[in-house]
Each structure stands twice: as C-alpha cells, then as structure tokens.
Amino acid sequence: MATLDDDEIAAAMVGEVEPYAVEVVLEDYNPAWPDWYAEEEAVIRAALGEVALRIEHTGSTSVPGLAAKPLIDILLLVPDPDDEAAYLPALEAAGYALRVRQADWYQHRCLVRRVESGARRSVNLHVFAPESGAPEIERILAFRDRLRAHDEDRKYYDCTKRALALRDWKFVQHYANAKSEVIEEILGRALSG
C-alpha cells in the first residue's frame with residue numbers, strides 16, 4: 001500500500017508507462033468475484049506448484065458488500081521474488097505479464113492480466129516473500145480482515161472510494177494514493193486490536 005509519485009511510478013513500471021487516463025469505474029459487490037479468484041488461484045497453483053507458498057484473495061473484491069473495480073487482487077508468496085526465474089516464466093506462460101518491479105519495497109512484484117489484452121478477467125498479482133514482505137503482508141491481510149468483520153469501516157471505505165472515483169486521475173496509482181489516509185486510519189484500528 002505504498003504511495004508513489006510520478007517518478008516512482010515510472011521507475012517501478014516494467015515496459016512503457018501509460019497513464020490510466022480514464023475514469024475509475026466501481027461496481028457494486030459481485031458475488032461472482034470469489035469464484036473468479038478461485039479460478040485464478042487454480043491457474044497459479046498449477047503453474048507454480050510448491051513455489052507458491054501462499055495465495056490469498058485481497059483487495060476490495062475480497063470483501064463482501066464492498067464496491068470495487070472489477071479487478072481481482074491476489075497476494076502470492078514465493079521464497080524469493082528477486083529470483084524471477086523460479087516463478088516468472090511459469091506465470092507468463094499462464095497469461096500473466098510482469099508490470100511492476102519494486103526491489104527496494106519488500107521485493108514486491110506485480111503481474112497483471114487485463115481484459116483489454118484478451119484475458120477473461122483483470123487481475124493484479126502481488127508477489128512477496130514471507131520474510132522480507134512480512135510487514136506489508138500483515139497490513140494487506142489485516143486491512144482485508146478488518147473490512148470483512150466491521151461494517152462501519154467497510155461503509156466508510158466504500159464511501160471514500162465512491163467519492164474519489166468521481167474524479168479524473170492521470171494514473172490509477174494516484175487514485176490509490178488518494179485513499180491512503182483512510183486506509184491508514186482503518187489499519188490503525190485493525191492493528192491495534
């Protein structure tokens with residue numbers, strides 16, 4: 001949940017940096033989203049076998065009742081994200097493309113599938129290692145679990161997202177950055193209790 005400025009976005013991107021340049025479109029919660037995740041999880045497990053140490057559905061589509069972009073966020077833990085040869089070719093063969101490499105931020109990698117590129121659904125696959133990524137992994141899962149268990153926080157986050165989606169953004173990361181204050185507020189409650 002790092003906030004990035006334009007230079008940091010450009011430095012982390014693999015391939016050409018393209019502005020999002022369209023509105024953020026949120027949909028009401030879709031009960032099919034968990035099934036979409038399960039299908040993606042099966043693809044990832046088949047591609048990686050034991051290299052996939054843990055796979056979790058995260059992001060807004062993992063929270064029943066929460067509006068979201070129709071994009072499945074997945075957390076994938078591998079032994080060493082820097083050892084791309086151990087997992088990247090298999091994921092690319094399964095239709096994923098490396099889009100973000102942030103070696104200096106918990107060795108994070110993000111692979112994507114996009115409907116616009118012919119995929120059945122859009123996916124962000126966030127890759128971390130259990131040890132080096134532990135602080136961010138804890139935050140991601142604590143935030144998801146807090147929203148699942150606390151209606152008031154879920155409604156608060158939903159309202160924030162809907163208000164921000166009405167604005168125009170150069171990059172989708174700017175939309176993500178704009179949610180940071182509310183995310184940190186909710187995370188504070190999640191991690192304190």
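Quick note: numbers below take in every heavy atom, side chains included, and nothing from hydrogens, waters or symmetry partners.
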### Task
Before giving the answer on side chain to side chain donor-acceptor pair (under 3.5 Å), spell out for Y156 and E152 the whole-Å C-alpha distance, their side-chain angles and the decisive distance to 0.1 Å.
CA-CA 6 Å; Y156 177 40; E152 290 306 312; over 6 Å; no

### Summary
Taken to the nearest 0.5 Å, the spacing of L66 CG from R144 CZ works out to 13.0 Å

### Query
Quick one: CG on L164 to NZ on K179, what's the gap to the nearest 0.5 Å?
8.0 Å

### Task
May I have the step-by-step check of side chain to side chain contact (heavy atoms under 4.5 Å, CB included) for V24 and L26, ending in yes or no?
CA-CA 6 Å; V24 173; L26 298 179; 4.2 Å; yes

### Task
Verify side chain to side chain donor-acceptor pair (under 3.5 Å) between Y96 and E40, making sure each step is shown before the conclusion.
CA-CA 11 Å; Y96 285 91; E40 293 298 323; 2.5 Å; yes

### Message
Salt bridge or not between R101 and D82? Use side-chain N to carboxylate O under 4.0 Å.
### Response
no

### Task
Answer yes or no: does atom CD of E92 have more than 12 heavy-atom neighbours from other residues, nucleotides or ligands under 6.0 Å?
yes

### Summary
Taken to the nearest 0.5 Å, the spacing of Q107 CD from F128 CZ works out to 10.0 Å

### Query
Is N30 close to W36 at the side-chain level, that is, under 4.5 Å between some pair of heavy atoms?
yes

### Task
List the steps, then state whether side chain to side chain contact (heavy atoms under 4.5 Å, CB included) holds for R109 with L88.
CA-CA 10 Å; R109 305 297 193 272; L88 191 54; over 6 Å; no

### Query
Are the side chains of Q102 and C110 in touch, meaning some heavy atoms are under 4.5 Å apart?
no

## Note on the structure
Nearest heavy-atom approach of N124 to V112 is OD1-CG1, 3.4 Å

### Task
Any chance you could measure L191, atom CG, to I186, atom CD1, to the nearest 0.5 Å?
12.0 Å

### Query
Looking only at heavy atoms, which two atoms of A129 and I137 are closest? And how far apart?
O-CD1, 3.5 Å

### Query
To the nearest 0.5 Å, how far apart are CG in L141 and CZ in R146?
15.5 Å

### Message
For V78 versus P130, what's the shortest heavy-atom pair and its separation?
### Response
O-CD, 3.4 Å

### Query
Between R154 and D158, does at least one N-O distance fall below 4.0 Å, as a salt bridge requires?
no

### More than 12 heavy atoms from other groups under 6.0 Å of CZ on R162
yes

#### Entry: Distance-minimising heavy-atom pair for V51 and P79
O-CD, 3.4 Å

### Query
Would you say the side chain of R45 lies within less than 4.5 Å of the side chain of I55, judging by non-hydrogen atoms?
yes

### Task
Under the side chain to side chain contact (heavy atoms under 4.5 Å, CB included) rule, what do S62 and E56 come out as? Steps first, then yes or no, please.
CA-CA 9 Å; S62 72; E56 293 276 350; over 6 Å; no

### Query
When rounded to the nearest 0.5 angstrom, what is the spacing between CD1 in I72 and CG in D35?
9.5 Å

### Query
Under 3.5 Å, is there a donor-acceptor pair between the D73 and H57 side chains?
no

### salt bridge (Lys or Arg N to Asp or Glu O under 4.0 Å) between R148 and D153, intermediate numbers included
CA-CA 9 Å; R148 284 177 172 175; D153 281 331; over 6 Å; no

### Task
Any chance you could lay out the side chain to side chain contact (heavy atoms under 4.5 Å, CB included) test for H126 and I74, step after step, and finish with the verdict?
CA-CA 6 Å; H126 298 277; I74 300 174; over 6 Å; no

### Message
Tell me whether Y87 contacts the main-chain N or O of P81 through its side chain, where contact means a donor paired with an acceptor under 3.5 Å.
### Response
yes

### Task
Would you check if L75 and L77 make a side-chain contact, meaning some heavy-atom pair closer than 4.5 Å?
yes

### Task
Determine whether V127 and L71 fall in the same hydrophobic cluster, where Ile, Leu, Val, Met, Phe, Trp and Tyr are linked whenever their side-chain heavy atoms lie under 4.5 Å apart.
no

### Message
Quick one, L76 and L91 - any side-chain contact, counting heavy atoms below 4.5 Å?
### Response
yes

### Message
Within the structure provided, determine whether I44 and L125 are in side-chain contact (heavy-atom separation under 4.5 Å).
### Response
yes

### Query
Can you check whether L187 reaches R139 side chain to side chain, under 4.5 Å on heavy atoms?
yes

### Query
Is the ring centre of Y29 less than 6.0 Å from the ring centre of W33?
yes

### Verdict with reasoning, K161 to S60, per side chain to side chain donor-acceptor pair (under 3.5 Å)
CA-CA 10 Å; K161 288 168 48 118; S60 294; 2.6 Å; yes

### Query
Do the non-hydrogen side-chain atoms of H108 and V100 ever get within less than 4.5 Å of each other?
yes

